[in-house]
Amino acid sequence: MSTLFDPDEPTDSRPMIVHDGPGGFPAVSTPSGTPAGGPGLPGGLPGGGAWAGGDSLLDGLNPEQREAVEYRGPALLIVAGAGSGKTRVLTHRIAGLIGSREAWPSQILAITFTNKAAAEMRERVGALLGQAATGMWISTFHSACVRILRAEAERAGLSSTFTIYDSADSRNVLKRIIKELSADTLGFTAAGVSNKISKLKNELADADSYARNANLSDPQELMFIEIFRQYTRRLRAAQALDFDDLLAETVYLFRAFPATAALYQRRFRHILVDEYQDTNHAQYSFIKELTRPIEPHIVAELGTAGHHVRSLQDASGAIPGASLTVVGDSDQSIYAFRGADIRNIVEFERDYPGAKVVLLEQNYRSTQNILSAANAVISNNFDRKDKKLWTAVGDGAKIIGYTGYSGHDEAQFIADEIEKLHAEGVAYRDIAVFYRTNAQTRALEEIFVRAALPYRVVGGTKFYERAEIKDAMAYLIAVANPADELALRRILNTPKRGIGPATETQLASFAEANGISFRQAMRDAGSLGMGPKVTGAILKLAKLLDEAALMLDPENPAGVSSVSEVLGFLLTESTLLEVLRGSRDPQDETRAENVEELLAQTKDFVKENPDAGLIDFLTQVSLVAAADDLDDSSGTVSLMTLHTAKGLEYDSVFLTGIEEGLLPHQMSASEPGGPAEERRLFYVGITRARKRLYLSLAMTRAQFGETNVAMPSRYLQEIPGDLIEWRQSPGMANSRGGTQPRALNARRDGFGSRGGSGSGSERFGGELPPAPKPKTEWANRVTAQVRDNGDLTLEAGDRIRHVDFGEGRVNQVTGEGTKRIAHVQFDTAGAKKLLIKIAPIEKI
DNA sequence: TTCTATTGGCTTTTT
DNA sequence: GCCAATAGAA
């Protein structure tokens, strides 16, 4: 073990202890102590010699991957097809930079889109380097920005305790503004405005810059600008930033204060960005600012301020821009709707002249059949660089296709197939079901619950979006950031304390009239002349918050309490938990459990981050994403949207709802480039599968409680027919139950009539789906009502009748209480597992 | 003020 | 077919 000098934080230079890592990191200190990156350093790794134990970083990499790991220069673009091992390349590249002593860990900034990707990268770099990984910034765009903004809050004109508003919070604020301005009469909705503002902020526009280019004679435009202004003002007043502000404010900060930017430009010498195709303009600018060279006079300033600059300077006294590595695949760009600009990656070479480009096309994930399907689909997108994924692992199983009569029938097929796979030894955790819209989960969940299939929905209504969690969090936010009016209003009458909207308005106008904060107005409620009961309630709440704030005050002689202690105090004193527990609404029981879960989470947080405070906890919660809480070790099938599936992989993948109107989605049709983006989405879904891929659709789809006819997706015919084995093709599904006359359908030309290769005529049975009549004869019709069989007892040998599957014999009963499962051999429908409590069955 | 009943509006994807 | 917002009654 030895002590190395490391120019760690931009504001101070602390020595750092480097331990011998398990990988045998050589703890040899360089007396000069400056492996500072940048030009002038010898390229390449010192012959793998930096790696004890002889296992070179390059072992097991193909030539292109090696090149991507070894290349040294100002800019590198790695075009990485799906499953081509890009995370491996990135982590090895980072490990190489550090292992060869070209860079200190603290000089590395690796950016990903999700916390999960960041965690995985951190873990893998850690495995390669051991403890030496400490000090690196491996984080998402958003958390990197939060970190910078909190550190530089004063410069940015913010409180370092600023709150982060999620989209629901923003919409709440907008809703109030729209109501106050009566903008709803002009057709403004909170969601619509929120979208537009978000788009503008992603383009680094604000209300003023937008107003400059707007047509001011248009009342709609004028109103929008007014809403935008008010919104900005209110967030400022509440010391709050929305998601888009985090990026934009950081860029503004860097542009306004070159010396502040220089701190980070000096520190981060190697910047790596994952999923570059999904960057929007703000994110692009953030990276652009960070890689900007530092001018000599600012370098001199830094030097005088005691920052370590000498070894970084070039002949002119400037510090050259950091080296930038970006990884991406324009075929996997699926966030254009959120402002992602594919040009960022397409024009990278023009943007960073002299950039090196490495192409990774060998796929290590999927079988050739899956890749062929993916290639075939994506090749229909013109204006793309041709790129063909290939693999050495062989064809593998065919893609399985299935057309259900309804969404429930489709779900039943999936449940059955999953059980089959499981019986063959595929673990549940290696199976995933993808869909385009969250609404599709309903049918899947209904069937999965009945089939007693262990599953979990990734994303969807997230834990932290639940009302009761937001309530509890609002208490914490109100303590951390007293300026946050939104949080205060939220908890004002939760739990019910008799403070209605009338009182709320009174408080707000009192605050405005006297130029005090809402919180102060609450403290002064006594002088408002309201009823004693209401006044008392307000004062009690204000006192509670003040007491909680005191618990966190570093000046408090009683010592500083932890986040969990404060939350526990707030929950008890506010009686929030007590009220939920005592409620007669059965759902409140779950809500109470959720709040208790939150409390448990704060305890874990405190344990894992002993030095972190309330603000750190709130930040972490604000930035967790859907895919982040994905627990790989859990033995459950994962359900998620195609969007959250990006970056993940599973042995067996079910792509559901491959129908017109769903994929491509109705809404995308009107947008320019919409259908192409939807195709990429389909491509992303296909390429998640390692061994088995299932494509399923339904002939009718319930939507808004009405069943509508669904047509096979146009993308389906782009897959060569011989790659798919149809268990039930759209044509077969259609001809079920005899030959009824077929309705001519608009999409006829797409299917069957086109001469496909080989099995072309097989593909959809040659004909198109008719408009199916909602008949009860369909298999697996599921009634929406939740059945309750009460304490129906079954045991092996019993015969039962199932609404859909007919009669069968119970082979075995497993599980306990409400989770008892009957394993039934049906006479005609085969073997099924059923959850006894709710399955539509009766004993005979 | 709070609880209940009814309506209306809605669904694309998310850091 | 669900949720949230609204209106009306206690």
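Values in this document were obtained by computation on a predicted structure and should not be read as measured data. Naming: A, B, ... by sequence-line order, numbering from 1 per chain.
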Can you check the [X] [atom1] to [N] [atom2] distance for me, whole Å?
X: A:Q277; N: B:dT14; atom1: CD; atom2: C1'; result: 15 Å
X: A:Q666; N: B:dT12; atom1: CD; atom2: C1'; result: 11 Å
X: A:Y464; N: B:dT15; atom1: OH; atom2: P; result: 14 Å
X: A:R466; N: C:dC3; atom1: CZ; atom2: P; result: 12 Å
X: A:N115; N: B:dT15; atom1: CG; atom2: P; result: 9 Å
X: A:R442; N: B:dT11; atom1: CZ; atom2: C1'; result: 10 Å
X: A:K533; N: B:dT2; atom1: NZ; atom2: P; result: 9 Å
X: A:E446; N: C:dC2; atom1: CD; atom2: C1'; result: 12 Å

Contact class for A:F141 (heavy atom, under 4.0 Å): base, sugar-phosphate, or nothing?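 Touches nothing.
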Using a heavy-atom cut-off of 4.0 Å across all strands, would you classify A:A702 as base, sugar-phosphate, or nothing?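 A:A702: no heavy atom of the nucleic acid under 4.0 Å.
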Any side-chain N or O of [X] less than 4.0 Å from the OP1 or OP2 oxygen of [N]?
X: A:T503; N: B:dT1; answer: yes
X: A:T641; N: B:dT12; answer: no
X: A:N438; N: B:dT12; answer: no

Are [X] and [Y] close enough for a salt bridge, meaning some N to O gap below 4.0 Å?
X: A:R489; Y: A:E485; answer: yes
X: A:D206; Y: A:K201; answer: no
X: A:E275; Y: A:K86; answer: yes
X: A:D166; Y: A:K470; answer: yes

side-chain hydrogen bond (donor to acceptor under 3.5 Å, both in side chains) contacts touching residues 332-341 of chain A (sequence neighbours left out):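 Listed once each, the pairs are A:D329-A:Q332, A:Q332-A:R688, A:D341-A:R343.
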If you check every side-chain atom of A:N493, which of B:dT1, B:dT2, B:dT15 has the closest atom?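 Side chain of A:N493 sits closest to B:dT2.
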From C:dG1, B:dT1, B:dT14, nucleotide with atom closest to A:F704 side chain: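 It is C:dG1.
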Looking at A:H665 and B:dT12, is any side-chain donor or acceptor paired with a base atom of the opposite kind under 3.5 Å?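 Absent.
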Using heavy atoms to find the nearest nucleotide of DNA chain B for A:S167 and A:P501 separately, return the residue whose nucleotide is more 5′.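 Result: A:P501.
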Residue whose nearest DNA chain B nucleotide is more 5′ - A:T437 or A:K496: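 Whichever sits nearer the 5' end wins; that is A:K496.
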For A:F141 and A:F113, I'd like to know if the aromatic rings sit close, meaning centre-to-centre distance below 6.0 Å.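 For A:F141 and A:F113, the ring centres are under 6.0 Å apart.
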Could you tell me how far C:dA4 sits from B:dT13 if I compare only their P atoms? Round to whole Å.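 Nearest-Å result for B:dT13 against C:dA4 at atom P: 15 Å.
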Take atom P in B:dT11 and the same atom in C:dT6, then report the distance between them in whole Å.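 Their P atoms lie roughly 16 Å apart.
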Given the rule in the ring pair (Phe, Tyr, Trp, His ring centres under 6.0 Å) test, do A:F286 and A:H281 qualify, once you have shown the distances and angles that lead to the verdict? CA-CA 9 Å; A:F286 174 67; A:H281 182 69; over 10 Å; no
May I ask you to check whether over 12 heavy atoms, not counting those of A:Q220, lie within 6.0 Å of atom CD?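 Count over threshold, so yes.
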Each nucleotide N or O in nucleotides 5-8 of chain C that has a protein N or O under 3.5 Å away: list the pair and distance.
from  : atom 1 : to     : atom 2 : distance (Å)
C:dA5 : OP1    : A:K175 : NZ     : 2.7

